[in-house]
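Values reported hereafter were calculated over all heavy atoms of this structure, with side chains retained and with hydrogens, waters and symmetry mates removed. These numbers were taken from a predicted model, which means no experiment stands behind them.
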Amino acid sequence: MQTLFLINIGNTNTQYAFAENGIPGQIFSVPTNDFKPDEIIPSGIVPVVASVVPAVASRLNPLSPFMISTDIKTGIDWSEVNRHTIGADRIANAIMLANGNYELPAACIDFGTAITFEIIDKERRFIGGSISPGRRLLRQALNNYTAQLPLIDIYDELPDNCGSDTPSAMRLGVDAGAIGMVEGIIKAITHKLGMPLKLIATGGDADFFVRHIEGLEFGGSNFTLKGILKAWEMNHES
């Protein structure tokens with residue numbers, strides 16, 4: 001089977017991995033601004049790409065990449081949504097969810113710069129989702145739009161106290177608030193569907209939410225890359 005170079009270009013970080021014999025290898029991650037495809041992609045290797053940063057994706061044009069979009073074969077019915085507004089990373093997640101032997105209906109929750117939900121129903125229809133700010137983005141907003149609030153670090157756990165100083169108050173507000181936000185979205189989606197759904201978590205911040213929200217199943221840090229690979233395979237079947 002052909003060697004591929006899988007790339008997930010995000011707003012903050014870019015993930016990439018080689019795929020041999022239909023299996024993604026070791027995952028590497030770099031800040032998206034530092035991603036230099038001409039230095040890391042060997043000659044003759046096909047880049048298979050999901051990108052939400054057009055300026056970075058354009059650097060791959062000389063390499064004739066295979067780009068993820070709703071115009072390719074996906075195994076998904078997009079008739080319920082405006083498919084041309086959906087980001088390539090969300091499309092890759094949806095492809096993996098619909099074609100990866102998951103029990104449906106299901107939602108992929110991608111915990112990155114933004115927290116996105118991609119929902120697939122029993123008929124493999126993409127019926128929508130949500131987009132909200134992630135924990136780092138919430139921290140940056142408080143720091144950018146106030147005079148004195150600091151930019152606080154990301155922690156794996158909630159603070160031990162009830163906000164006894166400004167940094168711990170920010171941690172409690174942002175992190176407990178993010179947990180509540182995700183739980184509220186799950187509740188709203190479940191109510192609209194009228195049935196429970198399988199919840200698959202991925203993304204760089206997934207571990208935090210899996211620890212704090214019951215019912216989340218970790219789909220692996222390579223979930224989106226596997227969706228990118230699945231898209232390639234579906235469009236190059238012999």
I need the minimum non-hydrogen distance between [X] and [Y], along with the two atoms involved.
X: A57; Y: S51; value: CB-OG, 3.4 Å
X: A201; Y: V210; value: CB-CG2, 3.8 Å
X: P47; Y: L60; value: CB-CD2, 4.4 Å
X: F223; Y: C108; value: CE2-SG, 3.6 Å
X: I9; Y: I7; value: CG1-CG2, 3.6 Å
X: E80; Y: F126; value: CB-O, 3.7 Å

Same apolar cluster: [X] and [Y], side chain cutoff 4.5 Å:
X: L158; Y: I115; answer: yes
X: I23; Y: L6; answer: no
X: I109; Y: L104; answer: no
X: L193; Y: F117; answer: yes
X: V182; Y: L138; answer: no

Using 0.5 Å steps for rounding, measure from the [atom1] atom of [X] to the [atom2] atom of [Y].
X: I76; Y: R124; atom1: CD1; atom2: CZ; answer: 9.5 Å
X: E118; Y: I131; atom1: CD; atom2: CD1; answer: 8.0 Å
X: L199; Y: L216; atom1: CG; atom2: CG; answer: 5.5 Å
X: T74; Y: K230; atom1: OG1; atom2: NZ; answer: 13.0 Å
X: I120; Y: L197; atom1: CD1; atom2: CG; answer: 11.0 Å
X: L137; Y: T12; atom1: CG; atom2: OG1; answer: 8.0 Å

With D205 as partner, the option from R211, R136, R135 fulfilling salt bridge (Lys or Arg N to Asp or Glu O under 4.0 Å) is R135
If only atom types and distance count, is the side chain of [X] paired as donor or acceptor with the main-chain N or O of [Y] below 3.5 Å?
X: N222; Y: L225; result: no
X: T202; Y: G220; result: yes
X: N99; Y: I95; result: yes
X: T190; Y: K187; result: no
X: R83; Y: W78; result: no
X: N13; Y: T32; result: no

Can you confirm whether [X] sits close enough to [Y] that some side-chain heavy atom of one is under 4.5 Å from a side-chain heavy atom of the other?
X: L4; Y: L229; result: yes
X: M67; Y: V49; result: yes
X: I179; Y: F208; result: yes
X: P133; Y: Q140; result: no
X: R125; Y: V81; result: no
X: D175; Y: R139; result: yes
X: D71; Y: H84; result: yes
X: E123; Y: D77; result: no

Step-by-step side chain to side chain contact (heavy atoms under 4.5 Å, CB included) determination, E183 to I213
CA-CA 7 Å; E183 289 177 329; I213 299 178; 4.1 Å; yes
Are Q15 and S29 linked by a side-chain donor-acceptor pair shorter than 3.5 Å?
no
Looking only at side chains, do N11 and T113 share a donor and an acceptor under 3.5 Å apart?
no
Decide side chain to side chain contact (heavy atoms under 4.5 Å, CB included) for L63 and F5; before the verdict, give the C-alpha distance in whole Å, the side-chain angles of both, and the deciding distance to 0.1 Å.
CA-CA 11 Å; L63 303 176; F5 195 83; over 6 Å; no
From T116, D110, N8, residue fulfilling side-chain hydrogen bond (donor to acceptor under 3.5 Å, both in side chains) relative to N93:
D110
Check the pair D38 / R59 against salt bridge (Lys or Arg N to Asp or Glu O under 4.0 Å), numbers first and verdict last.
CA-CA 8 Å; D38 56 325; R59 300 175 195 166; over 6 Å; no
May I ask you to decide if the ring planes of W232 and H236 are parallel, tilted or perpendicular, using 30° and 60° as cut-offs?
parallel
E214 atom CD, neighbour heavy-atom count above 12 within 6.0 Å:
no
Restricting to ring-ring contact (aromatic ring centres under 6.0 Å, His included), what partner residues turn up for F28, sequence neighbours left out?
Y16
Dump the intermediate steps for salt bridge (Lys or Arg N to Asp or Glu O under 4.0 Å) on D160 and R171, then the final yes or no.
CA-CA 10 Å; D160 294 331; R171 282 180 59 197; over 6 Å; no
Partner residues of E217 under the salt bridge (Lys or Arg N to Asp or Glu O under 4.0 Å) criterion, sequence neighbours left out:
K198
All salt bridge (Lys or Arg N to Asp or Glu O under 4.0 Å) counterparts of E103, not counting sequence neighbours:
none
